[in-house]
Amino acid sequence: MIHRCTENDFEIMYSIINDAAEAYKGVIPADRWKEPYMSKDELRRQIDEGVEFWAYENGGDLLGIMGVQPVQDVTLIRHAYVRTANRNQGIGGALLKCLLEKITTPVLIGTWVNAVWAIRFYEKYGFGLVSQEEKTRLLKTYWSIPERQVETSVVLADRKWLAQR
Ligand SMILES: CC(C)(COP(=O)(O)OP(=O)(O)OC[C@H]1O[C@@H](n2cnc3c(N)ncnc32)[C@H](O)[C@@H]1OP(=O)(O)O)[C@@H](O)C(=O)NCCC(=O)NCCS
């Protein structure tokens, strides 16, 4: 049900991301919203930069994807997207659990400050929000994102990261 994405999944990954990202419309700052939210070039760049995507499949249909990216001494969970029609069925949770079982380093996740559903989702899996000061440092250390995205994002850390702080 959960497999590592291959080149054959590229188009469907692109469609899942942009369907799921509709959740951000009117929620994240207007200057951060784009259509499509993630272009094919950007998705390609993310893969080339080392984001390894995994997909949740049911009966041959891909319903959700989630990426992992090892960076220095941590692993980032990136680009978690479940199709709008398939939310709240445990798909995101199944993907997150599966990825966390494979990761041996501390884990960090960045999301939009206004994506309260995503923050609550990660908190259920033991992640905690880091302080404002810490989040800026972490986003600048482990992510390559524009300054404006740093301002409008939060970082959640897993228990391993929080314990070693
Ligand atoms: C965040 C996201 C990936 C979660 O995926 P999901 O498949 O909806 O996640 P789950 O179904 O595992 O969990 C979501 C909620 O459904 C609940 N749930 C899980 N299984 C359920 C079931 N069988 N029946 C009803 N509810 C269920 C969970 O308890 C959880 O509750 P919460 O809202 O109180 O946290 C998804 O909402 C999404 O794609 N959002 C848009 C993009 C986004 O915000 N991405 C995260 C950016 S980092």
Side-chain angles (χ1 to χ4, degrees), residues 1-21 23-24 28 36-58 61-83 86-87 89-113 115 117-130 134-146 149-150 153-165:
M1 267 184 27
I2 293 178
H3 71 258
R4 170 100 191 258
C5 293
T6 67
E7 185 56 33
N8 291 341
D9 298 321
F10 186 86
E11 291 294 327
I12 195 84
M13 289 160 65
Y14 171 74
S15 109
I16 291 171
I17 291 169
N18 288 297
D19 169 65
Y24 296 145
I28 65 171
Y37 179 73
M38 191 187 289
S39 67
K40 288 187 186 176
D41 284 351
E42 175 61 14
L43 175 56
R44 178 70 61 202
R45 198 165 61 84
Q46 293 294 311
I47 295 168
D48 291 345
E49 285 179 5
V51 180
E52 182 184 293
F53 282 95
W54 292 74
Y56 182 101
E57 181 184 333
N58 191 9
D61 294 327
L62 296 202
L63 304 180
I65 60 166
M66 204 173 276
V68 285
Q69 184 178 24
V71 184
Q72 302 170 41
D73 54 337
V74 305
T75 303
L76 309 180
I77 297 282
R78 307 283 313 270
H79 313 298
Y81 293 106
V82 171
R83 278 198 184 283
N86 299 100
R87 300 259 170 80
Q89 297 168 14
I91 295 172
L95 273 166
L96 184 61
K97 257 191 260 167
C98 174
L99 298 187
L100 292 178
E101 278 166 15
K102 299 180 200 296
I103 299 172
T104 53
T105 66
V107 181
L108 298 175
I109 302 177
T111 192
W112 299 107
V113 67
W117 63 87
I119 295 171
R120 189 176 56 220
F121 169 74
Y122 295 123
E123 283 176 340
K124 278 202 180 160
Y125 289 87
F127 286 81
L129 283 166
V130 305
E134 193 86 276
K135 87 134 198 208
T136 304
R137 185 184 71 77
L138 293 173
L139 287 170
K140 291 187 172 178
T141 305
Y142 296 109
W143 278 261
S144 304
I145 55 172
Q149 194 172 339
V150 171
S153 294
V154 289
V155 170
L156 294 112
D158 72 345
R159 292 196 186 98
K160 201 181 262 180
W161 189 90
L162 293 167
Q164 70 165 30
R165 194 165 36 157

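Nothing here was measured: the structure is a model prediction, and the numbers come from that model.
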Distance-only check: which donor-acceptor pairs under 3.5 Å involve side-chain atoms of residues 74-82, not counting sequence neighbours?
| from | atom 1 | to | atom 2 | distance (Å) |
| --- | --- | --- | --- | --- |
| T75 | OG1 | T105 | OG1 | 2.6 |
| R78 | NH1 | Q69 | OE1 | 2.6 |
| R78 | NH2 | Q46 | OE1 | 3.4 |
| H79 | NE2 | Q46 | OE1 | 2.8 |

What residues, two or more places apart in sequence or in another chain, satisfy side chain to side chain donor-acceptor pair (under 3.5 Å) together with [X]?
X: D9; answer: H3
X: W112; answer: Y37
X: E11; answer: K40

How close do [X] and [Y] get, counting heavy atoms only, and between which atoms?
X: R87; Y: A20; result: NH2-O, 3.1 Å
X: W143; Y: G110; result: CZ2-N, 3.4 Å
X: L108; Y: A157; result: CD2-CB, 3.6 Å
X: P70; Y: G50; result: CD-O, 4.1 Å
X: P106; Y: D158; result: CA-OD1, 3.8 Å

Side-chain donor or acceptor of [X] paired with backbone N/O of [Y] under 3.5 Å:
X: N18; Y: M38; value: yes
X: N58; Y: D61; value: no
X: D19; Y: R83; value: no

query: Taking T136 as the fixed residue, which of V155, V150, T141 is the one that meets the side-chain contact (heavy atoms from CB on, under 4.5 Å) rule?
result: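 One option only clears the test, and that one is V150.
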
Within this structure, what is the [atom1]-[atom2] distance for the pair [X] and [Y], rounded to the nearest 0.5 Å?
X: M13; Y: T6; atom1: CE; atom2: OG1; answer: 8.5 Å
X: I16; Y: M66; atom1: CD1; atom2: CE; answer: 11.5 Å
X: I65; Y: L63; atom1: CD1; atom2: CG; answer: 11.5 Å
X: F121; Y: F127; atom1: CZ; atom2: CZ; answer: 9.5 Å
X: I91; Y: N86; atom1: CD1; atom2: CG; answer: 4.5 Å
X: S153; Y: L139; atom1: OG; atom2: CG; answer: 6.0 Å

message: Applying ring-ring contact (aromatic ring centres under 6.0 Å, His included), can you list everything that pairs with Y14, at least two apart in sequence or on another chain?
response: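 With neighbours one apart ignored, the set is empty.
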
Just jot down the salt bridge (Lys or Arg N to Asp or Glu O under 4.0 Å) partners of [X], sequence neighbours excluded, or say none.
X: R159; value: none
X: R44; value: E7
X: E123; value: none

With [X] via side-chain contact (heavy atoms from CB on, under 4.5 Å) - residues at least two apart:
X: R4; result: E52, W54
X: S144; result: none
X: D73; result: Y142

- prompt: Would I109 and Y125 satisfy side chain to side chain contact (heavy atoms under 4.5 Å, CB included), going step by step from the backbone distance to the final call?
  reply: CA-CA 12 Å; I109 302 177; Y125 289 87; over 6 Å; no

Donor-acceptor pairs under 3.5 Å, side chain of residues 94-104 to any protein atom, not counting sequence neighbours: which ones?
none

